[in-house]
Each structure stands twice: as C-alpha cells, then as structure tokens.
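This report refers to the structure that appears directly beneath it.
Predicted model, so just to flag it, every value in this text is computed and none were measured. As the structure lists them, so they are numbered: ligands from 1, and atoms in each ligand from 1.
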Amino acid sequence: MSSRCDSRSWIGTIVAIVFVGPLFAQTVFADDKADADLRQQARELFPPLPKDASTNERPITPERVRLGRMLFFDSRISVDGSTSCSRCHLPSFYGTDALTQSIAVGNKRAPRNAPTVFYTALQVSQHWDGRFVDVEDQARKALTGPGFGNADEQSVEKRLEAIGGYPAAFREAFPGDQKPVSAQNLALAIGAFERTLIVPSRFDEYLAGKTDALSSDERAGLRLFIEKDCVQCHKGAGVGGTGYRKFGVFSDYRAATGTKNPDKGRFEVTKKSADVDKFKIPGLRDVAVTPPYFHDGSVNRLNDAVKVMGKVQLDVDLADVEVNAIVAFLNSLTGPIPADYERVPRLPAGGFVPSTPAH
Ligand code: HEC
Ligand code: HEC
C-alpha cells in the first residue's frame with residue numbers, strides 16, 4: 001500500500017516537473033520579462049540623474065557652494081532685510097513655500113507659484129515661462145526684481161561689503177578676481193549651490209536595476225505614465241524640464257483648473273502668438289511633496305492635477321484607479337532633502353540696517 005502511494009506521488013512529482021513546472025516557470029519568466037521591458041523603456045526615457053548639475057562654464061567649487069549657501073539663506077540681500085531666497089524656497093517644504101502664490105518684499109503677492117529649487121538646474125531654463133537662461137541668470141536678476149526690491153545691484157554689493165565675513169568668503173570663492181564682491185559672483189555662487197541640490201530617489205534605484213525599489217503599485221503607475229503618454233512631455237533625468245508646451249492642448253486650462261489668475265505663460269516673454277499659454281514642462285521630481293500645483297498653484301491635490309493633465313493635455317478621462325496608480329508612481333520620485341539645504345548655515349554677523357521697516 002505504502003509502495004503504491006509512493007509510486008503515485010512519484011508520478012505526481014514527475015507530472016509536476018515535466019508539465020506544470022514549465023508553465024509555472026513561463027509565468028514567472030513572463031513577469032520578469034515584463035518588468036525588464038518596463039525598466040528598459042524607463043531607462044530610455046529617463047537617463048541617469050547626474051551627481052550634480054555643473055558644466056564646464058559653471059564649475060562647482062566647495063568655496064562657491066559654501067558662499068552660495070550662505071547668500072541663499074541671508075535676508076540681507078533684500079532691500080529691507082525681510083526676504084531671503086529661502087523665504088519662498090523653504091527647507092521644510094522641499095524648496096517651495098507651499099503657498100498658492102509667494103509673498104515678497106512689502107508683502108506683495110508674486111504672480112505665480114514657487115517651484116522647488118531642487119533638481120531645477122537640470123532644466124532647460126528657469127521660471128515657468130523660461131525667462132531666465134539658467135540658475136545664475138535667475139539669481140542675479142532676482143536681486144532687482146519685485147521679490148527683493150533692490151533699486152540696483154550696487155546697493156546690494158555695498159551692503160555685502162559691509163557685512164564682516166562676506167568679503168573674505170567672496171575672495172576665497174573667486175580668487176584673483178579684481179572685485180570679488182559683485183552681483184555677478186553672488187549669482188555664480190548661488191548657482192553653484194543650486195547645482196548641488198540633486199539627490200537620487202527610489203526611482204533612481206529602480207532605474208539602476210533594483211526592481212523592488214518600487215512597489216508593484218508604483219510600477220503599475222510607471223507603466224500607465226508611459227502608456228498614457230505623459231512621457232511625451234515629462235521625460236529626461238528631471239522627469240520634465242526639457243522644453244515648453246501649451247497648457248491646454250485639447251481644451252482651455254482655465255476651465256479645468258478654475259484659476260482666478262489668467263496667465264499666458266511664455267507669450268509674456270516672447271510676445272509670439274504661438275507661445276500663448278505655453279509653459280515650461282515642469283520636472284516632476286519631488287512633485288508629491290510640493291503642492292499646490294501648476295504655475296498659479298490653482299490645484300491643491302496631486303490626484304486632481306493628474307486628472308487635469310489627462311483631460312487638457314491628452315484628451316483622456318483617467319479613471320480613479322489609474323490616477324491613484326500614477327500618483328503612487330509620482331511618490332517614488334520624492335528624494336531626501338539635500339543635507340546642505342535642510343540645515344540653515346551660520347551667517348556672518350552685522351553690517352545691515354534695514355532701509356525701510358520690514359512688514
Ligand atoms: C518672494 C518669493 C521668492 C523669493 C524671495 C525667491 N523666489 Fe525663487 N521663485 C519664486 C517664484 C514665485 C518662482 C516662479 C516664478 C515664475 O515662474 O514666474 C520662483 C522661481 C525660482 C526658480 C525657477 C524654478 C523653475 O523650476 O523654473 C529658481 C531657480 C529660483 N526661484 C531660485 C531663487 C533664488 C536663488 C532666490 C534668491 C536669490 C529666489 N528664488 C528668491 C519665489 C521666490
Ligand atoms: C503635452 C505635454 C504634457 C503632457 C502629455 C502631460 N503634461 Fe503634465 N504638464 C505639462 C505642462 C506644460 C505643465 C505645466 C502647466 C502649468 O502649470 O502651467 C504640466 C504640469 C504637470 C503637473 C504639475 C506639476 C507642478 O509642479 O505643479 C503634474 C503633476 C503633471 N503635469 C503630471 C502629468 C501626468 C501624470 C501626465 C499624464 C497623465 C501629464 N502630466 C501629461 C505638460 C504635459
């Protein structure tokens with residue numbers, strides 16, 4: 001009896017090995033293959049994140065980064081001492097201020113929503129309408145813009161000259177320069193600091209080969225992000241930031257977002273009719289932790305922003321399950337806050353008396 005049983009179980013085992021085994025192996029391999037294909041597609045769309053965004057023209061030195069970091073957190077670069085870059089690009093909000101529209105010197109409201117400064121140096125240009133060619137251009141022109149309210153660059157240079165510690169830090173960062181404390185060098189230093197604000201996320205581990213760095217939901221979201229063609233626009237190492245597109249390819253964005261702040265985007269810079277309503281395609285790294293959304297901060301929830309994108313950019317009504325999966329994927333793009341950003345640096349003391357009282 002026991003021998004009959006044994007022979008039956010042997011037969012069973014043989015059947016399992018010969019017939020069922022390959023079927024099982026096929027489904028496992030099919031899953032593996034689907035995963036490998038997905039990663040391959042993703043790798044083609046999203047090249048590896050560089051360690052930093054330095055270039056030959058924009059080198060990074062530790063001295064420049066150190067100086068740029070101080071200047072970024074120093075409100076004495078504003079006309080009344082009320083406003084630093086970090087007033088609107090706060091560490092605790094991942095380099096944004098979490099406001100619909102930022103508040104500047106004199107408590108004036110900025111016309112647009114503040115994007116994060118993380119990964120931004122990877123983008124084709126700066127600001128929603130691309131009015132600045134790079135982070136250095138942005139930092140320099142910001143000084144005399146409405147955010148900081150300085151009448152001219154010289155007044156900022158004079159103020160920094162008078163703050164103990166800054167002249168030496170500028171000299172170290174720009175050795176041999178005839179006039180180290182200058183608006184130009186301030187911009188180069190802040191730019192160098194911003195070019196370091198690039199930290200890999202779980203998505204980068206996934207791209208590098210670690211499949212389970214993303215959950216199966218997140219991978220399903222990535223697949224949808226590719227299949228629904230979000231990647232027509234949001235691609236590149238920054239998951240966007242590579243060019244400009246109309247916001248509202250299929251229908252007016254104003255109706256979809258209910259914005260109260262009409263804005264023609266890149267048209268404001270070029271005055272070309274072809275640029276009406278074009279905006280820079282934002283990079284989506286850290287998007288899950290940087291609400292509210294769009295150039296005007298008109299949408300609070302990421303799920304709603306994804307729905308709007310489906311409707312006005314792709315003419316598809318995404319189902320809630322699809323939106324949830326895409327949002328799960330977008331969450332995997334959240335990296336850690338850069339260590340040098342999380343902590344406010346010690347600033348040189350003294351030298352500044354506000355010219356008008358802060359509000
Ligand atoms: C009053 C708030 C405020 C201050 C102060 C401020 N920013 Fe911004 N920042 C914004 C807003 C709002 C935008 C978007 C403006 C637009 O696109 O029209 C922005 C955009 C940017 C961008 C472009 C990001 C992108 O994705 O295009 C960079 C880079 C930047 N700021 C860096 C800085 C630096 C450096 C400083 C200090 C020199 C600074 N900001 C000071 C509010 C501020
Ligand atoms: C045709 C190009 C295009 C396509 C396709 C597209 N987007 Fe966008 N996306 C944009 C542009 C341009 C903006 C900026 C709109 C604005 O605020 O002015 C944007 C903004 C966003 C934002 C808000 C980012 C922020 O920081 O405020 C999210 C989220 C987003 N897109 C996700 C998606 C998803 C998900 C898909 C696919 C369902 C998608 N996009 C498809 C071009 C596109």
Side-chain angles (χ1 to χ4, degrees), residues 68 71-75 77-78 82-89 95-97 99 101-105 108-121 123-132 134-143 145-148 186-187 190-191 193-194 197 221 224-226 228-234 238-241 243-250 253 257 259 263 265 268 277-284 286-288 290-299 302 304-314 316 318 322-323 326-327 329-330:
L71 293 165
F72 190 93
F73 284 94
D74 199 330
S75 60
I77 67 172
S78 67
S82 68
T83 303
S84 59
C85 305
S86 60
R87 174 178 183 179
C88 308
H89 300 285
T96 72
D97 55 15
L99 297 171
Q101 289 155 267
S102 303
I103 312 263
V105 151
K108 282 197 295 285
R109 201 168 279 278
R112 296 199 181 120
N113 173 260
T116 182
V117 285
F118 303 164
Y119 311 100
T120 194
Q123 301 193 78
V124 64
S125 61
Q126 299 302 317
H127 276 206
W128 286 99
D129 54 16
R131 68 178 56 222
F132 302 119
D134 56 21
V135 283
E136 289 77 12
D137 186 32
Q138 193 281 336
R140 180 164 185 176
K141 293 190 181 133
L143 291 177
F148 291 99
L186 168 145
I190 290 181
F193 172 56
E194 288 174 304
L197 303 175
L224 278 171
F225 192 76
I226 295 172
K228 299 284 177 185
D229 210 15
C230 306
V231 293
Q232 180 197 132
C233 297
H234 298 282
V239 195
Y244 309 94
R245 288 303 287 269
K246 186 167 174 182
F247 185 19
V249 176
F250 289 93
Y253 79 83
T257 65
T259 184
D263 185 330
E268 309 293 347
D277 289 358
K278 273 195 190 161
F279 291 87
K280 190 176 62 190
I281 301 159
L284 297 184
D286 283 343
V287 73
T290 55
Y293 298 107
F294 300 129
H295 65 267
D296 49 7
S298 55
V299 170
L302 186 53
D304 296 334
V306 169
K307 268 207 157 121
V308 168
M309 275 287 123
K311 188 149 195 63
V312 308
Q313 301 304 82
L314 294 162
V316 294
L318 293 170
E322 294 175 318
V323 172
I326 291 175
V327 166
F329 160 62
L330 294 176

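Looking only at heavy atoms of the protein, atom 29 (C) of ligand 2 is closest to Leu302 CD1, 3.7 Å. Nearest protein neighbour of atom 26 (O) of ligand 2, counting heavy atoms only, is Val287 CG2, 4.0 Å. Given atom 12 (C) of ligand 2, the protein heavy atom at minimum distance is Arg245 O, 3.7 Å. Nearest protein heavy-atom neighbour of atom 23 (C) of ligand 1: Gln126 OE1, 3.3 Å. The protein heavy-atom contact nearest to atom 17 (O) of ligand 1 is Trp128 N, 2.8 Å.
In this structure, Tyr253 has no heavy atom closer than 4.0 Å to ligand 2. Ligand 1 has no atom lying under 4.0 Å from any heavy atom of Gly241. Using a 4.0 angstrom heavy-atom cutoff, Asp229 counts as in contact with ligand 2.
Donor-acceptor pairing under 3.5 Å is lacking for the side chains of Gln313 and Arg245. No donor-acceptor contact under 3.5 angstrom links the side chains of Thr116 and Asp286, judged on distance only. At a cut-off of 3.5 Å, with distance as the only test, a side-chain donor of Ser86 or Ser84 sits close to an acceptor on the other residue. Tyr293 and Thr257 form no side-chain donor-acceptor contact under 3.5 Å, judged by distance and modelled atom types alone.
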Would you please test His89 and Thr96 for side-chain contact (heavy atoms from CB on, under 4.5 Å) and show each step? CA-CA 4 Å; His89 300 285; Thr96 72; 5.8 Å; no
I would like to know whether Val231 and Phe225 meet side-chain contact (heavy atoms from CB on, under 4.5 Å); could you show each step before the answer? CA-CA 7 Å; Val231 293; Phe225 192 76; 3.6 Å; yes
Could you check Ile77 against Leu143 for side-chain contact (heavy atoms from CB on, under 4.5 Å), going step by step and ending with a plain yes or no? CA-CA 7 Å; Ile77 67 172; Leu143 291 177; 4.1 Å; yes
Applying side chain to side chain donor-acceptor pair (under 3.5 Å), run through Thr120 and Gln126 and close with a yes or a no. CA-CA 8 Å; Thr120 194; Gln126 299 302 317; 2.7 Å; yes
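The aromatic rings of His295 and Phe247 sit perpendicular, their planes meeting at an angle over 60°, well past the 30° parallel limit.
Below 3.5 Å of separation, one finds an N or O of Lys280 facing an N or O of ligand 1. Between Arg112 and ligand 1, at least one pair of N/O atoms sits closer than 3.5 Å. Distances between N or O atoms of Ser125 and those of ligand 1 include no value under 3.5 Å. On a distance-only criterion, Asn113 and ligand 1 share no N/O pair closer than 3.5 Å.
Near Ile103, the atoms of ligand 1 lying under 4.0 angstrom from a non-hydrogen atom of the residue are 1 (C). Close approach of ligand 1 to Thr83 is summarised as follows: ligand atoms under 4.0 Å from at least one heavy atom of the residue are 5 (C). Set against the non-hydrogen atoms of Ile326, the atoms of ligand 2 under 4.0 Å away are 35 (C). Proximity to Ala104 (heavy-atom distance under 4.0 Å) selects the following atoms of ligand 1: 1 (C). Per-residue contacts place Phe148 under 4.0 angstrom from the following atoms of ligand 1 (heavy atoms of the residue considered): 5 (C), 37 (C), 38 (C), 41 (C). Contact atoms of ligand 2 toward Tyr293: 25 (C), 27 (O) (distance under 4.0 Å to a heavy atom of the residue).
Residue Tyr244 does not touch ligand 2, judged by heavy-atom distances below 4.0 Å. Contacts with ligand 1 closer than 4.0 Å are made by no heavy atom of His295, backbone or side chain. The proximity of Leu314 to ligand 2, defined as any non-hydrogen pair under 4.0 Å, is limited to the side chain. At a 4.0 Å heavy-atom cut-off, ligand 1 does not touch Phe132 at all. Under 4.0 angstrom from ligand 2, the non-hydrogen atoms of Gln232 all belong to its side chain. At a 4.0 Å heavy-atom cut-off, ligand 1 does not touch Pro111 at all. Contacts of Phe294 with ligand 2, taken as heavy-atom pairs under 4.0 Å, involve both backbone and side chain. Contacts with ligand 1 closer than 4.0 Å are made by no heavy atom of Gln101, backbone or side chain.
The heavy atom nearest to atom 15 (C) of ligand 1, considering only Lys141, Arg131, His127, Gln123, is found in His127.
Only protein N, O or S atoms were considered, and those under 2.8 Å from atom 8 (Fe) of ligand 1 are His89 NE2. Around atom 8 (Fe) of ligand 2, the protein contributes the following N, O or S atoms at distances under 2.8 Å: His234 NE2, Met309 SD.
Between the side chain of Trp128 and the backbone N or O of Asn113 there is at least one donor-acceptor pair closer than 3.5 Å. Using a distance-only test at 3.5 Å, with no hydrogens or angles considered, no donor-acceptor pair links the side chain of Asp134 to the main chain of Ser125.
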